[in-house]
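Counting begins at 1 with the first residue of the sequence.
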Amino acid sequence: LRVNQSTMLTGESLKSLRGATSLREISMEGGKVTTEDLKALRSLPHLKSLLLLHAGINDAGLVELSKLTRLESLFLEGNRFSNTFVANVRKLPALRRLGPNSTGISDAAVRDIATLKRLEFLRLDDNPVSDACELNQVPCVSSVVPWQPWFFGRKGDPAKGFDWTYHIFWGLEDVIANFTNGWKTV
């Protein structure tokens, strides 16, 4: 089930999914979901992947999500959490893929996440990220900023690169060329 911002899923919509017991994935962007609404997800025994982006979920909602012990993927971009995030994520024994980007968690929380050895994929874009993933050998993909500040800001060596952290975005030269060419057409 995939729902985007234009649909604006409500808590009532989540509650109506209770009978969809074979549902394996829910992907939702936007809308407003309360902690009470998230309780309906417990009735979905085969739910493995959950993407709740910009849905207004907070620490109390994360406590509810931590009860979904069969989750393998959890992406929560744009929701706001404190440093209790890691304690709740540790309660998900099947979790392999995690995306807490733009959630306000600290660098210390990221270091704690990177110690979760069962993680196969960690997506961090807007968090204050140290080299914790590299040090703990946890794959990490980032984007949204030119590659040069990301790479050289971490004291990267072009001859070696990094083993566990990856970045997908244009270079500064591309941004400058496109910006300059765009103004030429005005």
Side-chain angles (χ1 to χ4, degrees), residues 1-116 118-130 132-133 138 140-145 168-169:
L1 175 66
R2 289 190 173 92
V3 182
N4 64 22
Q5 290 175 330
S6 62
T7 309
M8 298 307 285
L9 188 67
T10 66
E12 286 304 311
S13 298
L14 273 181
K15 290 174 187 172
S16 69
L17 296 176
R18 282 190 171 125
T21 56
S22 62
L23 196 60
R24 295 181 51 84
E25 176 182 337
I26 296 175
S27 177
M28 183 191 109
E29 183 175 351
K32 176 68 176 152
V33 178
T34 68
T35 302
E36 191 62 32
D37 300 333
L38 293 171
K39 290 180 181 180
L41 299 177
R42 282 196 251 162
S43 67
L44 305 174
H46 299 289
L47 187 63
K48 303 286 186 199
S49 179
L50 188 58
L51 291 86
L52 296 172
L53 312 180
H54 305 279
I57 300 169
N58 57 20
D59 288 330
L62 186 59
V63 169
E64 192 57 42
L65 292 176
S66 73
K67 296 173 184 173
L68 303 174
T69 58
R70 291 188 180 104
L71 276 185
E72 295 174 3
S73 297
L74 180 61
F75 291 85
L76 297 166
E77 176 180 328
N79 297 290
R80 301 304 289 175
F81 305 108
S82 69
N83 285 335
T84 62
F85 183 86
V86 179
N88 287 301
V89 168
R90 285 189 191 284
K91 296 175 186 175
L92 298 169
L95 193 66
R96 302 288 180 259
R97 292 170 294 283
L98 179 63
N101 45 314
S102 301
T103 58
I105 63 172
S106 70
D107 195 41
V110 172
R111 280 192 297 275
D112 286 344
I113 289 169
T115 65
L116 300 173
R118 66 186 177 269
L119 282 183
E120 297 169 357
F121 178 82
L122 177 62
R123 180 175 177 209
L124 296 165
D125 290 341
D126 297 347
N127 293 316
V129 180
S130 68
C133 290
V138 174
C140 177
V141 177
S142 66
S143 64
V144 189
V145 297
I168 303 168
F169 203 77

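- In this structure, the side chains of L116 and L95 stay at 4.5 Å or more apart for every pair of heavy atoms.
- With sequence neighbours left out, the side chain to side chain contact (heavy atoms under 4.5 Å, CB included) criterion links T69 to P93.
- If you take CG on L76 and CG on L65, they are separated by 6.5 Å, rounding to the nearest 0.5 Å.
- Residues passing the side-chain hydrogen bond (donor to acceptor under 3.5 Å, both in side chains) test with R118, sequence neighbours excluded: none.
- Taking all atoms of both residues into account, the shortest heavy-atom contact from L62 to I57 is N-CG2, 4.1 Å.
- A distance of 10.0 Å separates CD1 of I105 from CZ of R80, quoted to the nearest 0.5 Å.
- When the side chain to side chain contact (heavy atoms under 4.5 Å, CB included) test is applied to T115, the partners found at least two apart in sequence or on another chain are R90, N136.
- When all heavy atoms of S66 and N88 are compared, the closest pair comes out as CB-O, 3.4 Å.
- Note on residues 81-100: pairs passing ring-ring contact (aromatic ring centres under 6.0 Å, His included), not counting sequence neighbours, are F81-F85.
- Listed by chain and number, the residues in a side chain to side chain contact (heavy atoms under 4.5 Å, CB included) with A60 are T35, N58 (sequence neighbours excluded).
- Under the salt bridge (charged side-chain N to carboxylate O under 4.0 Å, His left out) criterion, K39 pairs with E36, sequence neighbours left out.
- Nearest heavy-atom pair, M28 versus A55, reported as atom, atom and distance to 0.1 Å: CE-CB, 3.4 Å.
- Atom-to-atom distance recorded for N101:CG and L122:CG is 9.0 Å, nearest 0.5 angstrom.
- Across L47 and L71, no two heavy atoms sit closer than the pair O-CD2, 4.0 Å.
- L51 pairs by the side chain to side chain contact (heavy atoms under 4.5 Å, CB included) definition with E25, S27, S49, F75, not counting sequence neighbours.
- Closest non-hydrogen pair, L17 versus L44, comes out as O-CD2, 3.2 Å.
- Residues meeting the side-chain hydrogen bond (donor to acceptor under 3.5 Å, both in side chains) test with S73, sequence neighbours left out: R97.
- Side chain of N79 to backbone of L52: a donor-acceptor contact under 3.5 angstrom is found.
- Residues V89 and I113 form no side-chain contact, since every pair of their non-hydrogen atoms from C-beta on lies 4.5 Å or further apart.
- Between H46 and T21, the closest heavy-atom pair is CD2-O, 3.0 Å.
- D37 places a side-chain N or O within 3.5 Å of a backbone atom of T34 that can act as its donor or acceptor partner.
- Taking the salt bridge (charged side-chain N to carboxylate O under 4.0 Å, His left out) definition, one finds that R42 meets it with E64, sequence neighbours left out.
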Task: Evaluation steps, side chain to side chain contact (heavy atoms under 4.5 Å, CB included), between L68 and L74 - done: CA-CA 10 Å; L68 303 174; L74 180 61; over 6 Å; no
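- In this structure, R96 CZ and K48 NZ are separated by 10.5 Å, a value rounded to the nearest 0.5 Å.
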